[in-house]
Asks: 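Got a structure here, written out as structure tokens. Questions coming.
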Amino acid sequence: MSDLRDAQEHPAGAAADGRPGPAAPPDDLSDRYFDAAAALLRRVRDEERGTLRQAGAAVADALSAGGRVFAFGAGHSSLPAQDVVYRAGGLAVVNLLAVPGAVGVDVVPATLGSALERVGGLAAAVLETSPARAGDVLFVISLSGRNVLPVEMARGARERGLTVIGVTSLAYAGQTASRHPDGTFLKDHCDLVVDSKIPVGDAELTDPCIPAPFGPASTVVVSALMQAVMALAASGLAARGETPPMIRSGNVDGGLDWNARVFEEHRDRIFFRN
């Protein structure tokens, strides 16, 4: 009975003498992570509902007019951008706007990618040599929105006549300083801003035996957000009587043939094949 009583009075993470005890069981932490991620997804769904619909309509408008869609993100913010490019179940005409060395963590050292986000002039060089043109839509994804690269990417794209949709956490603009010389954030250079609701630091969990917050959720939330926008765009096209150019899985019978036909029909708007 004494062991049971001690366990009830001093749960995991707190010893009888007040010192930090053993960490919470891993399954408890996983439950907490899923709960936190689900709560963020619900917030984005409920609080950004109107903005998501505007973003979906902007994509549908551009595609109806013969335009193209591009997605940009640096570092881990590139993951949600990549997730809507050449994606089974996604729109075939979404293209990645990549900055060499700043996409993902494949560059060595990985810290170089972070450093490149603070370098001016890269965005202009990428836009000048890219196929993006006036009338297209560009998603600029940046969790903090404070670095030079996403700020200049959004500003430069708008100057070239693109519709810029920023996907960022507005909390950073209120709690951190911009790294751009003019003090602006990504949100200041967009036609539309979707707030991912991710708290500053992007860590949903804490534990007394772990020295720093952990459990980032931005990739989960922003990837879901981007997929929701693409679903809205596809349904918007269908509502206009237009056939959305969808990609099917290449691992189902007939999928490769289906995709070959879609890619050929929209070859002037697809750039990930060249």
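Along the sequence shown, residues carry numbers from 1. In this text, all values refer to a predicted model and were calculated from it rather than measured experimentally.
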Asks: Enter the distance from Ile270:CD1 to Glu265:CD here, rounded to the nearest 0.5 Å.
Replies: 9.5 Å

Asks: If you measure from CG on Leu170 to OG on Ser196, what distance do you get to the nearest 0.5 Å?
Replies: 7.5 Å

Asks: Yes or no on side-chain contact (heavy atoms from CB on, under 4.5 Å) for Leu143 and Thr168, after CA distance, side-chain angles and deciding distance?
Replies: CA-CA 5 Å; Leu143 176 59; Thr168 187; 6.0 Å; no

Asks: Could you note down all residue pairs passing side-chain hydrogen bond (donor to acceptor under 3.5 Å, both in side chains) where residues 34-49 supplies at least one of them, sequence neighbours left out?
Replies: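 Only Arg43-Glu47, Asp46-Arg49, Glu47-Lys197, Glu48-Lys197 qualify under side-chain hydrogen bond (donor to acceptor under 3.5 Å, both in side chains).
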
Asks: Can you find a heavy atom in the side chain of Phe263 that is under 4.5 Å from one in the side chain of Phe272?
Replies: yes

Asks: Starting from the C-alpha separation in whole Å, work towards a yes-or-no answer on side-chain contact (heavy atoms from CB on, under 4.5 Å) for Val200 and Thr176.
Replies: CA-CA 8 Å; Val200 174; Thr176 68; 4.3 Å; yes

Asks: Might you point out which heavy atoms bring Leu205 and Leu29 nearest each other, and give the distance in Å?
Replies: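 Nearest pair, atom of Leu205 first, then Leu29: CD1-O, 3.8 Å.
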
Asks: Of all heavy-atom pairs between Ala37 and Val221, which one has the smallest distance, and what is that distance?
Replies: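 For Ala37 and Val221, the tightest heavy-atom pair comes out as O-CG2, 4.5 Å.
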
Asks: Between atom CZ of Arg87 and atom OG of Ser249, what is the distance when rounded to the nearest 0.5 Å?
Replies: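 Spacing of CZ (Arg87) from OG (Ser249) equals 9.5 Å.
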
Asks: Please tabulate, for side-chain N and O atoms in residues 67-75, each donor-acceptor pair with protein atoms closer than 3.5 Å (sequence neighbours left out).
Replies:
{"from": "Arg68", "atom 1": "NE", "to": "Asp136", "atom 2": "OD1", "distance (Å)": "3.0"}
{"from": "Arg68", "atom 1": "NE", "to": "Asp136", "atom 2": "OD2", "distance (Å)": "3.1"}
{"from": "Arg68", "atom 1": "NH2", "to": "Pro131", "atom 2": "O", "distance (Å)": "2.6"}
{"from": "Arg68", "atom 1": "NH2", "to": "Asp136", "atom 2": "OD2", "distance (Å)": "3.1"}

Asks: Can you find a pair of side-chain heavy atoms, one from Val140 and one from Leu186, that are under 4.5 Å apart?
Replies: yes

Asks: With sequence neighbours left out, what residues match Ala36 under side chain to side chain contact (heavy atoms under 4.5 Å, CB included)?
Replies: Glu204

Asks: Name all residues meeting the side chain to side chain contact (heavy atoms under 4.5 Å, CB included) criterion together with Phe34; count only those two or more places apart in sequence or in a different chain, and write none if there are none.
Replies: none

Asks: I'd like to check Arg269 versus Leu63 (side-chain heavy atoms, cut-off strictly below 4.5 Å). Are they in contact?
Replies: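 Yes; the side chains approach each other to less than 4.5 Å.
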
Asks: Can you tell me which residue pairs pass the side-chain hydrogen bond (donor to acceptor under 3.5 Å, both in side chains) test with a partner in residues 213-228, sequence neighbours excluded?
Replies: Asp83-Gln227, Asp202-Ser218

Asks: State which residues pass salt bridge (charged side-chain N to carboxylate O under 4.0 Å, His left out) with Arg240; sequence neighbours excluded, sorted by chain then number.
Replies: Asp61

Asks: Whether the side chain of Ser169 engages the backbone of Pro199 through a donor-acceptor N/O pair (distance < 3.5 Å, no angle test) should be reported.
Replies: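 Pair absent, no side-chain N/O of Ser169 close to backbone of Pro199.
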
Asks: Side-chain contact, heavy-atom cut-off 4.5 Å: Leu40 with Ile198?
Replies: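 A side-chain contact under 4.5 Å exists here.
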
Asks: Provide the closest heavy-atom pair for Val126 versus Ala98 in the form atom of the first, atom of the second, distance.
Replies: CG1-O, 3.8 Å

Asks: Any donor-acceptor pair under 3.5 Å linking the side-chain atoms of Arg118 with those of Asn147?
Replies: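 The answer is no; no qualifying pair exists.
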
Asks: Of all the heavy-atom pairs spanning Leu192 and Gln54, show the shortest one and how long it is.
Replies: CD1-OE1, 3.4 Å

Asks: When you measure from the side chain of Thr51 to the backbone of Val194, do you find a donor-acceptor pair of N or O atoms at a distance under 3.5 Å?
Replies: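 Checking the backbone N and O of Val194 against the side chain of Thr51, no donor-acceptor pair under 3.5 Å is found.
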
Asks: Spell out, as yes or no, whether a donor-acceptor pair under 3.5 Å connects the side chain of Tyr86 to the backbone of Ile247.
Replies: no

Asks: Can you confirm whether Val164 sits close enough to Glu159 that some side-chain heavy atom of one is under 4.5 Å from a side-chain heavy atom of the other?
Replies: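 No; the side chains remain at least 4.5 Å from each other.
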
Asks: For Arg146, give me all partners under salt bridge (charged side-chain N to carboxylate O under 4.0 Å, His left out), at least two apart in sequence or on another chain.
Replies: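 Arg146 satisfies salt bridge (charged side-chain N to carboxylate O under 4.0 Å, His left out) with no other residue.
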
Asks: Can Ile141 be reached from Leu91 by stepping across I, L, V, M, F, W or Y side chains whose heavy atoms are under 4.5 Å apart?
Replies: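 Same hydrophobic cluster.
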
Asks: Can you confirm whether more than 12 heavy atoms, excluding those of Asp268, are under 6.0 Å from its CG atom?
Replies: yes

Asks: Donor-acceptor pair, distance only, cut-off 3.5 Å: does the side chain of Trp258 make one with the backbone of Met246?
Replies: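 Indeed, once roles are kept as given, a pair shorter than 3.5 Å links the two residues.
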
Asks: Is any side-chain heavy atom of Glu117 closer than 4.5 Å to one of Val148?
Replies: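 Side-chain contact under 4.5 Å: no.
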
Asks: Where do Gly135 and Ala62 come nearest, in terms of heavy atoms and distance?
Replies: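 Answer, listing the atom of Gly135 first, then Ala62: O-CB, 3.7 Å.
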
Asks: Can you list everything that forms a side chain to side chain contact (heavy atoms under 4.5 Å, CB included) with Leu232? Sequence neighbours excluded, please.
Replies: Leu52, Arg53

Asks: With sequence neighbours excluded, give me every ring-ring contact (aromatic ring centres under 6.0 Å, His included) pair touching residues 149-185.
Replies: none

Asks: Quick check on the hydrophobic clustering: are Val93 and Val85 connected, directly or via other members, by side-chain heavy-atom contacts under 4.5 Å?
Replies: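 Same hydrophobic cluster.
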
Asks: Going only through I, L, V, M, F, W and Y residues with side-chain contacts under 4.5 Å, is there a path from Val84 to Val137?
Replies: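 Yes, Val84 and Val137 fall within the same hydrophobic cluster.
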
Asks: Is there a path of hydrophobic side-chain contacts, each under 4.5 Å between heavy atoms, that joins Leu237 and Val229?
Replies: yes

Asks: Between Glu264 and Arg261 (salt bridge meaning N to carboxylate O under 4.0 Å), is one present in this structure?
Replies: no

Asks: Report yes if some heavy atom in the side chain of Val222 is under 4.5 Å from a heavy atom in the side chain of Phe139; otherwise report no.
Replies: no

Asks: Please round to the nearest 0.5 Å and tell me the distance separating atom CG of Asp28 and atom OG of Ser30.
Replies: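 Asp28 atom CG to Ser30 atom OG measures 7.5 Å (nearest 0.5 Å).
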
Asks: How many angstroms lie between atom CD1 of Ile165 and atom OG1 of Thr163, to the nearest 0.5 angstrom?
Replies: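 With rounding to 0.5 Å, CD1 (Ile165) is 7.0 Å from OG1 (Thr163).
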
Asks: Mind listing the closest non-hydrogen atom pair of Leu138 and Ala157 along with its distance?
Replies: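 Taking Leu138 first and Ala157 second, the nearest heavy atoms are CD2-CB, 3.6 Å.
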
Asks: Can a donor-acceptor pair be found, under 3.5 Å and without considering hydrogens, that links the side chain of Glu152 to the backbone of Gly121?
Replies: yes

Asks: Measure the spacing between CG of Leu225 and CG of Leu41 and express it to the nearest 0.5 Å.
Replies: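 Between atom CG of Leu225 and atom CG of Leu41 there are 9.0 Å.
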
Asks: Under 4.5 Å between side-chain heavy atoms, counting indirect links through other Ile/Leu/Val/Met/Phe/Trp/Tyr residues: same cluster for Val151 and Leu122 or not?
Replies: no

Asks: Using side-chain heavy atoms (C-beta onward) and a distance below 4.5 Å, is Leu149 in contact with Ser142?
Replies: no

Asks: Would you indicate whether His76, at its atom NE2, is surrounded by more than 12 heavy atoms from other residues, nucleotides or ligands within a distance under 6.0 Å?
Replies: no

Asks: Please enumerate all residues that pass salt bridge (charged side-chain N to carboxylate O under 4.0 Å, His left out) together with Asp191, with sequence neighbours excluded.
Replies: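 Asp191: salt bridge (charged side-chain N to carboxylate O under 4.0 Å, His left out) contacts with Arg158.
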
Asks: For Arg155, which residues count as a salt bridge (charged side-chain N to carboxylate O under 4.0 Å, His left out) partner, sequence neighbours excluded?
Replies: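 Partners of Arg155 under the salt bridge (charged side-chain N to carboxylate O under 4.0 Å, His left out) test: Asp182.
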
Asks: With sequence neighbours excluded, what pairs up with Gln82 under the side chain to side chain donor-acceptor pair (under 3.5 Å) test?
Replies: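 In terms of side chain to side chain donor-acceptor pair (under 3.5 Å), with neighbours along the sequence ignored, Gln82 is linked to Ser78.
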
